[in-house]
Amino acid sequence: MAKIIHTMIRVLDPERSKNFYRDGFGFEVSHQLDFPGFTLVYLRSPENDFEIELTHNHDRKEPYTHGDGYGHYAFVADDLASMHTKLLDLGYSPAAIKEFKQDETLLARFFFVVDPDGYKIEVLEKWGHYR
């Protein structure tokens, strides 16, 4: 059996990205590797051991594009409204909270926010399938 351990995203300004994930979602740097042309920064949430790997290519000056294959990654929050307010207060402009229903059954309550490099993040309320 394989276990997923991280996802990697390329970032233009690692300090800006570290601040976003720390202040918005509580991720802390768990490991950092510095090489002559690039730096790898691993961010871990205290909630689990899954990590986000930030790759910073030192000579990159233009923002990355995400093509048409990237969708989003998702976080869950115990208190969705508080998380939304926190991100608003930090100036990250999350979209409005929405509900996803099948017929009249609530499947999820969520909102989207975009990180400093344009990666879309879905924030779901801990509920039903999304735990």
query: Which pair of heavy atoms, one from E62 and one from L12, lies closest together, and at what distance?
result: O-CD1, 3.5 Å
- prompt: Say you draw a straight line from CD1 of I97 to CZ of F110; how long is it, rounded to the nearest 0.5 Å?
  reply: 10.5 Å
- prompt: Taking C-beta and beyond as the side chain, do L88 and P94 meet within less than 4.5 Å on heavy atoms?
  reply: yes
message: Please report the interatomic distance CE(M83) to CZ(F75), rounded to the nearest 0.5 Å.
response: 8.5 Å
query: Are L90 and F20 in one and the same hydrophobic cluster, where Ile, Leu, Val, Met, Phe, Trp and Tyr link if side-chain heavy atoms are under 4.5 Å apart?
result: yes
- request: Could you verify whether a donor N or O on one side chain and an acceptor N or O on the other, from T55 and E53, lie under 3.5 Å apart?
  value: yes
query: Any chance NZ of K86 has more than 12 other-residue heavy atoms, nucleotides or ligands included, within less than 6.0 Å?
result: yes
- request: For Y21 and D115, test the side chains for any donor-to-acceptor distance below 3.5 angstrom and give the result as yes or no.
  value: yes
field: N19-R16 side chain donor-acceptor pair, cut-off 3.5 Å
entry: no
query: OH/Y42 to CE/M8 distance, rounded to the nearest 0.5 angstrom?
result: 9.0 Å
message: Using 0.5 Å steps for rounding, measure from the CZ atom of R22 to the CD atom of E15.
response: 8.5 Å
- prompt: Has the side chain of H84 got a donor or acceptor atom that lies under 3.5 Å from a matching backbone atom of A95?
  reply: yes
- request: Applying side-chain hydrogen bond (donor to acceptor under 3.5 Å, both in side chains) between E51 and each of H31, H6, R44, report the one that passes.
  value: R44
task: Mind checking the CZ-CD spacing from F100 to E125? Nearest 0.5 Å is all I need.
output: 15.0 Å
- request: Can you label the angle between the F25 ring and the F27 ring as parallel, tilted or perpendicular, going by 30° and 60°?
  value: perpendicular
Heavy-atom pair with the smallest gap, counting every atom of P14 and L54: O-CD1, 4.4 Å
field: Working for side chain to side chain contact (heavy atoms under 4.5 Å, CB included), residues V114 and F112
entry: CA-CA 7 Å; V114 177; F112 282 96; over 6 Å; no
query: Passes side chain to side chain contact (heavy atoms under 4.5 Å, CB included), K120 versus E122? Steps please.
result: CA-CA 7 Å; K120 199 171 181 181; E122 182 180 25; over 6 Å; no
Full working for salt bridge (Lys or Arg N to Asp or Glu O under 4.0 Å) between K3 and D49: CA-CA 11 Å; K3 175 184 173 186; D49 59 358; 2.7 Å; yes
message: Restricting to non-hydrogen atoms, name the atom on L107 and the atom on W127 that form the minimum distance, rounded to 0.1 Å.
response: O-CD1, 3.4 Å
- prompt: Which heavy atom in N48 sits nearest to a heavy atom in F50, and how many Å separate them?
  reply: OD1-N, 3.0 Å
statement: Separation between CG (L87) and CG (D89), nearest 0.5 Å, reads 9.0 Å
message: Counting neighbours of CZ on R60 that are heavy atoms of other residues, nucleotides or ligands and sit closer than 6.0 Å, is the number greater than 12?
response: yes
Worked check of side chain to side chain contact (heavy atoms under 4.5 Å, CB included) between F111 and L124: CA-CA 7 Å; F111 65 86; L124 292 142; over 6 Å; no
message: With clusters defined by side-chain heavy atoms of hydrophobic residues (ILVMFWY) lying less than 4.5 Å apart, directly or transitively, does I9 cluster with I121?
response: yes
- prompt: Heavy-atom count around E99 CD within 6.0 Å, excluding the residue itself: above 12?
  reply: yes
task: Heavy atoms only: give me the nearest K18-L43 pair and the separation to one decimal.
output: CG-CD2, 4.1 Å
message: Let's go through D79 and K126 carefully: what are the C-alpha distance in whole Å and the side-chain angles of both, what is the deciding distance for salt bridge (Lys or Arg N to Asp or Glu O under 4.0 Å) to 0.1 Å, and is it a yes or a no?
response: CA-CA 8 Å; D79 186 340; K126 196 177 280 186; over 6 Å; no
task: Taking all heavy atoms of Q32 and all of D34, pick out the closest pair and write down the distance.
output: NE2-OD1, 3.2 Å
Mutual orientation of the aromatic rings belonging to H66 and Y119 [parallel < 30°, tilted 30-60°, perpendicular > 60°]: parallel
